[in-house]
Amino acid sequence: MSVDGYRHPDQSVGPVLLDARTIQNRVHELGAQITRDYQGKVPHLIAILKRSCIFHADLVRSIDLALSMDFIAVGSYGESTKTSGEVRLLKDLDESLDGRDVLLVEDILDTGLTVHYILQNLESRGPRSLRLVTLLSKPSRRQIDVPVDYLGFEIPDRFVVGYGLDYNQRYRNLPDIRILSRAASGA
Ligand code: IMP
Ligand code: MG
């Protein structure tokens, strides 16, 4: 089936790096770990739109605690495939972070520049604690050291899509994480 040239979930997108079951199992492990670590607290899980919305939605459902959530949307200046580190706030949080136990939920740590900026911004709002959860990390790409508290998977330096991750706003709805093929990227 083809809609606007987008075949789903056709192999032509690229080979599967992490299949849906592997992702779900790991997300449940992270949720269980957070549940243990935040006993007696009400964690506040912040998703970065649009990229971490899918991971965030699954993660909050695997945490067995009272919790709250909020959303922030950021954009960057310049080319879509490169990070300048200059972050534009497109949508701010709805709620104050004062005195809260905040978990920032990211899809993938690449250079680390975007999350570094967001963490500094959140820290300035006076949370009681601030930790980072990221589903994926490409350690070989890091330009700035960002401490990761909860990590799903380390992956090699390949461009991946699916489970919230996009290429030009596509493929976010794939249940697997795939390595984008040259054909699908139009290269
Ligand atoms: P950085 O860590 O500031 O370089 O930027 C990380 C952001 O770039 C991520 O949150 C993603 O939105 C995007 N990104 C980095 N690598 C990939 C990838 O392999 N696929 C899709 N998006 C990516
Ligand atoms: Mg993106």
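Note that the structure is a prediction, hence the values are computed from the model and not measured. Atoms within a ligand are numbered from 1 in the order they appear, just like the ligands themselves. Starting from 1, each residue takes its place in the sequence as its number.
- Using cut-offs of 30° and 60° for the angle between ring planes, the Y167 and F159 rings count as perpendicular.
- Only backbone heavy atoms of D166 (N, CA, C or O) come within less than 4.0 Å of ligand 1; its side chain stays farther off.
- Residue L165 touches ligand 1 through its side chain alone, judged by heavy-atom distances below 4.0 Å.
- Under a 4.0 Å criterion applied to the non-hydrogen atoms of E106, ligand 1 contributes the atoms 10 (O).
- At a 4.0 Å heavy-atom cut-off, ligand 1 touches K138 through the side chain alone.
- Salt bridge status for R178 with D176: present, with a side-chain N to carboxylate O gap under 4.0 Å.
- Here the side chains of Y163 and Q24 are in contact, with some heavy-atom distance below 4.5 Å.
- Every N/O-N/O distance between F159 and ligand 1 stays at or above 3.5 Å.
- With salt bridges taken as basic N to acidic carboxylate O contacts below 4.0 Å, none links R172 and D107.
- Residue R158 qualifies as open at atom CZ: its count of foreign heavy atoms under 6.0 Å is 12 or below.
- Residues H28 and N25 are not in side-chain contact: their nearest non-hydrogen atoms beyond the backbone lie 4.5 Å or more apart.
- Contact detail for V115 and L109: the closest heavy-atom pair is CB-CD2, 3.9 Å.
- At a 4.0 Å cut-off, at least one heavy atom of R158 sits close enough to ligand 1 to count as contact.
- Between V161 and ligand 1, a contact under 3.5 Å exists for no N or O pair.
- Contact annotation: for I108 versus ligand 1, heavy atoms closer than 4.0 Å belong to both the backbone and the side chain.
- Residue-ligand proximity, T114 to ligand 1, at heavy-atom distances under 4.0 Å covers atoms 1 (P), 3 (O), 5 (O).
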